[in-house]
*Asks:* 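The structure under discussion is supplied below as structure tokens; questions concerning it will follow.
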Amino acid sequence: MESLWKVWFSRRRKVYVRIARRYGSTPWRVYYLGHGGRCRSLKDMQILEALQRQGVISHIYPW
């Protein structure tokens with residue numbers, strides 16, 4: 001529940017929602033990955049690459 005509020009009041013909420021729609025995920029998953037969460041699939045890796053292109057994260061660490 002806490003991450004719901006963090007996403008909702010984030011200044012990058014529009015970026016999270018846009019990326020989530022593009023890759024068929026949720027904004028909460030995108031937020032989690034963008035803040036150091038562990039990626040578990042190829043889709044998660046694509047989300048991380050999109051976050052890097054948007055300038056939300058600077059580096060992607062390998063699985």
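The chain is numbered in sequence order, starting from 1.
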*Asks:* Looking at every heavy atom in both Ala20 and Pro27, which two are closest together, and how far apart are they?
*Replies:* CB-N, 3.6 Å
*Asks:* Taking all non-hydrogen atoms of both residues, which atom of Gln52 and which atom of Ser58 are closest, and how far apart?
*Replies:*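 Looks like NE2-O, 3.2 Å.
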*Asks:* Pairs in or reaching into residues 17-28: which pass salt bridge (Lys or Arg N to Asp or Glu O under 4.0 Å), with residues at least two apart or in two chains?
*Replies:* none
*Asks:* For Tyr23 versus Arg53, what's the shortest heavy-atom pair and its separation?
*Replies:*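 It is OH-NH2, 3.4 Å.
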*Asks:* To the nearest 0.5 Å, what is the distance between OG1 (Thr26) and CD1 (Ile47)?
*Replies:* 8.0 Å
*Asks:* Quick one, Tyr16 with Leu51, criterion side chain to side chain contact (heavy atoms under 4.5 Å, CB included). Give me CA distance, side-chain angles, the key distance, then yes/no.
*Replies:* CA-CA 8 Å; Tyr16 298 143; Leu51 286 169; 4.2 Å; yes
*Asks:* Please identify each residue that fulfils salt bridge (Lys or Arg N to Asp or Glu O under 4.0 Å) with Arg29, with sequence neighbours left out.
*Replies:*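 With neighbours one apart ignored, the set is Asp44.
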*Asks:* State, to 0.1 Å, how close Gly34 and Ile57 come at their nearest heavy-atom pair, and which atoms those are.
*Replies:* O-CG2, 3.3 Å
*Asks:* Suppose the criterion is ring pair (Phe, Tyr, Trp, His ring centres under 6.0 Å): which pairs have a residue in residues 33-52, not counting sequence neighbours?
*Replies:*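 As it turns out, the ring pair (Phe, Tyr, Trp, His ring centres under 6.0 Å) pairs with a partner in residues 33-52, which skip direct neighbours, are Tyr31-His35.
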*Asks:* Among the clusters formed by ILVMFWY side chains lying less than 4.5 Å apart, do Leu33 and Val17 turn up in the same one?
*Replies:* no
